[in-house]
Structures are given as C-alpha cells and as structure tokens.
Asker: 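This structure is in structure tokens; I'll ask about it shortly.
Model, not experiment: these values are computed from the prediction.
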Amino acid sequence: MDDVFTVLENGHREIKRMFRELESSPNSANGANQAALARRRQQVDRLIAEHSQHESAEQEYFWPAVRELMANGAQLAEQGVRQEKSAQQTMADLRNIDPQEQKFEELLRTAAQEIKAHIDFEEQQVIPALRKVMDPQRAQQMGAQIAQRKQAAAEGRGRPHAAPRPGALKGTAQARNAGGSQRQQGQQGQQNQQGQQQGQQGQKRGQQQNRQQGQQQGRQQAQQNRDRQEQEQERSRGREKPMDPMGSGR
C-alpha cells in the first residue's frame, strides 16, 4: 500500500502528463478542426476533474497534517492552499470558455504555470520536510484514505461523455450564456410578481381600512342623529306639559 507521499506524487505525475498531452494536441491557433477541438474540450474537462479531486484531498488530509506536525506548518499550508485556490479559479474560468476562443489557450497556459509551480513547491519544500516528522503508519493510513477518495470520485464521474458533434462547442457556450440570462430574467420576473402581490395585498388592506373607517363614521353619525332626536323629543315633552292649577292662583 502506498503512503501519502507516493499517492500525492503519483497524482502530480498524472496531472503533468495531462498537460503534456494538451500541449502536443491541435488547438485553435494551429488549425484544429471541430472534432479536434471537441477532444481538446474533453481533455481539459478530465484535467479539471483530476485536479479538483486531488486538491480537495490535499486540503482535507495533507495540509492539516502539515500544520500539525511541522514547526512552520501553518505558513507552508497557508501558501500551499493559496496557490491551490488561485489555480482552481483559473480552472473554473477555463471551464466556461470555448476552445475556439483565444482566451481558452491563454487560460490553459496560466493554469499550467500555476499548477506546475504548486507541484514544485510541494515536492521540493513540503513533502521532504513532512516525511521526516510523520509517523510511517500514519503516512500509510493517510495514503489509503486519499486513494479511496480518489477512486470514489472517479467512479462517481461515471462513464465518459460522447464527444460533441462538430460545431456543437460554440452552441454549448452560447447555451451557458443564455441559461444565465434566463435565470436572471426568471429571478427578475419572480421579484416583479412578488412586488405585484405585495401591492395587491396593500391595496386590499387599504380598502378594508377605508370600509372600517366608513362603517365607524356611519355608526358615529347614526348615534349623533339618535341623540339629537332624543333631545328634540325631550324638549317637545317639556313644552306640552300642563301648568299646575294651584300655582296659577298665587
């Protein structure tokens, strides 16, 4: 069973091999046809997947061990993770670019430079120093964990997709852009609908308040009318009351 150092170095060799393969294959600058560009897209997608799962395993197992066991481990781990995140961002940008565009090859060269520099940093500075302080049994255990994780990730990706037909790559990129625009429009439409619903609810509440106020005013007016009628009736009874005959002779 390979230890963690052998597993990581094997992963580095595989990533370097994939870059060499891309460097020697036709591209848009040297007249590659649609079929060749489709294969190049697949090669890059496999490279992105391989790099992603490799760095994910390092961030889960390797760099925590570096922080724990080495005197300057925190500084080394911080530098290594920073390099990995920069390369991962370049890879993410590369995923959204069509191989026919000039930007694709520029990003690919940038990714190659970043990843090769990161591999050199690990193999020349970090791995030799960590090998001296890590218990061999723990190194074996960590190597098994990373190997199992890589195998599970590879099986999760399933069978490779068929190569897209010639001319499909540009349409795929346009579809991604259209999809993003549609999502934005959908979100805007949902916000508008919510605003309309809130406005209708506010209008209903206002109408209900107006009805309540009108009913209250009507009740108050009716009560005032009843009070005036009662006062008039009392005054009328006072005028009609007969005089006391005894009082008239005094």
Asker: Could you report the tightest heavy-atom contact between A65 and M134, atom names first, then the distance?
Answerer: CB-CE, 3.7 Å
Asker: Got a donor-acceptor contact below 3.5 angstrom from the S25 side chain to the L22 backbone?
Answerer: yes
Asker: Ignoring hydrogens and angles, tell me if any N or O in the side chain of N30 forms a donor-acceptor pair with the backbone of P26 under 3.5 Å.
Answerer: no
Asker: Between Q100 and Q34, does any side-chain donor sit less than 3.5 Å from a side-chain acceptor?
Answerer: yes
Asker: Considering non-hydrogen atoms only, spot the tightest contact between I119 and K16 and give its length.
Answerer: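 Residues I119 and K16, closest heavy atoms: CG2-CE, 3.8 Å.
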Asker: Determine the minimum heavy-atom distance between I115 and A87, stating which atoms define it.
Answerer: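 Shortest heavy-atom separation between I115 and A87 comes out as CG1-CB, 3.8 Å.
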Asker: Do you know which two heavy atoms are closest between V133 and M70, and how far apart they sit?
Answerer: CG2-CG, 4.2 Å
Asker: Kindly compute the distance separating CG (L94) from OG1 (T110), expressed to the nearest 0.5 Å.
Answerer: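 Reported to 0.5 Å precision, the distance equals 9.5 Å.
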Asker: Where the side chain of T90 meets the backbone of S86, is there a donor-acceptor pair that is under 3.5 Å apart?
Answerer: yes
Asker: Can you give me the closest heavy-atom contact between S28 and L37, atom names plus distance?
Answerer: N-CD2, 3.8 Å
Asker: Mind checking the CG-CD spacing from N27 to Q102? Nearest 0.5 Å is all I need.
Answerer: 11.0 Å
Asker: Hey, quick one: are M18 and V7 part of the same hydrophobic cluster, counting side-chain heavy atoms closer than 4.5 Å, chains of contacts allowed?
Answerer: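 No, M18 and V7 fall in different hydrophobic clusters.
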Asker: Out of curiosity, R41 CZ to Q43 CD, how far, rounded to the nearest 0.5 Å?
Answerer: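 With rounding to 0.5 Å, CZ (R41) is 11.0 Å from CD (Q43).
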Asker: Scan side-chain atoms only and decide if Q83 and E114 contain a donor-acceptor pair under the 3.5 Å cut-off.
Answerer: no
Asker: For Q140 and Q137, run side-chain contact (heavy atoms from CB on, under 4.5 Å): C-alpha distance rounded to whole Å, both residues' side-chain angles, the deciding distance at 0.1 Å, then the answer.
Answerer: CA-CA 5 Å; Q140 290 283 345; Q137 184 176 359; 5.7 Å; no
Asker: Evaluate R40 against L108 for side-chain contact (heavy atoms from CB on, under 4.5 Å), listing each step before the verdict.
Answerer: CA-CA 11 Å; R40 193 166 182 77; L108 186 58; 3.4 Å; yes
Asker: Before giving the answer on side-chain hydrogen bond (donor to acceptor under 3.5 Å, both in side chains), spell out for E84 and Q59 the whole-Å C-alpha distance, their side-chain angles and the decisive distance to 0.1 Å.
Answerer: CA-CA 9 Å; E84 289 174 353; Q59 292 174 18; 3.0 Å; yes
Asker: Pairs in or reaching into residues 82-117: which pass ring-ring contact (aromatic ring centres under 6.0 Å, His included), with residues at least two apart or in two chains?
Answerer: none
Asker: Do N10 and E14 pair up side chain to side chain, a donor and an acceptor below 3.5 Å, judged on atom types alone?
Answerer: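 No, because no side-chain N or O of N10 sits under 3.5 Å from a partner of the opposite role on E14.
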Asker: Under the ring-ring contact (aromatic ring centres under 6.0 Å, His included) rule, what pairs show up with a residue in residues 37-69, not counting sequence neighbours?
Answerer: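 ring-ring contact (aromatic ring centres under 6.0 Å, His included) check on residues 37-69 returns H12-H54.
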Asker: Using a strict threshold of under 4.0 Å (side-chain N to carboxylate O), is an ion pair present between R17 and E50?
Answerer: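 A salt bridge is absent here (no side-chain N lies under 4.0 Å from a carboxylate O).
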Asker: Examine L69 and F121 and state if one hydrophobic cluster contains both, with Ile, Leu, Val, Met, Phe, Trp and Tyr joined whenever side-chain heavy atoms are less than 4.5 Å apart.
Answerer: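 Linked within one cluster.
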Asker: Has the side chain of N72 got a donor or acceptor atom that lies under 3.5 Å from a matching backbone atom of Q75?
Answerer: no
Asker: Do any N or O atoms from the side chain of T6 and from the backbone of D2 form a donor-acceptor pair under 3.5 angstrom?
Answerer: no
Asker: Going from CD on Q53 to NZ on K150, what distance comes out if it is rounded to the nearest 0.5 angstrom?
Answerer: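 The distance works out to 5.0 Å.
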Asker: Could you list the residues that satisfy side chain to side chain contact (heavy atoms under 4.5 Å, CB included) with E9, not counting sequence neighbours?
Answerer: R13, E123, I127, R131
Asker: Calculate, to the nearest 0.5 Å, the distance between atoms CE and CG belonging to M91 and L107 respectively.
Answerer: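 Spacing of CE (M91) from CG (L107) equals 10.5 Å.
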Asker: How many angstroms lie between atom CG of L76 and atom CD of E122, to the nearest 0.5 angstrom?
Answerer: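 L76 atom CG to E122 atom CD measures 10.5 Å (nearest 0.5 Å).
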Asker: One pair to check against salt bridge (Lys or Arg N to Asp or Glu O under 4.0 Å): K85 and E58. What are the steps and the verdict?
Answerer: CA-CA 12 Å; K85 289 183 177 180; E58 283 191 349; over 6 Å; no
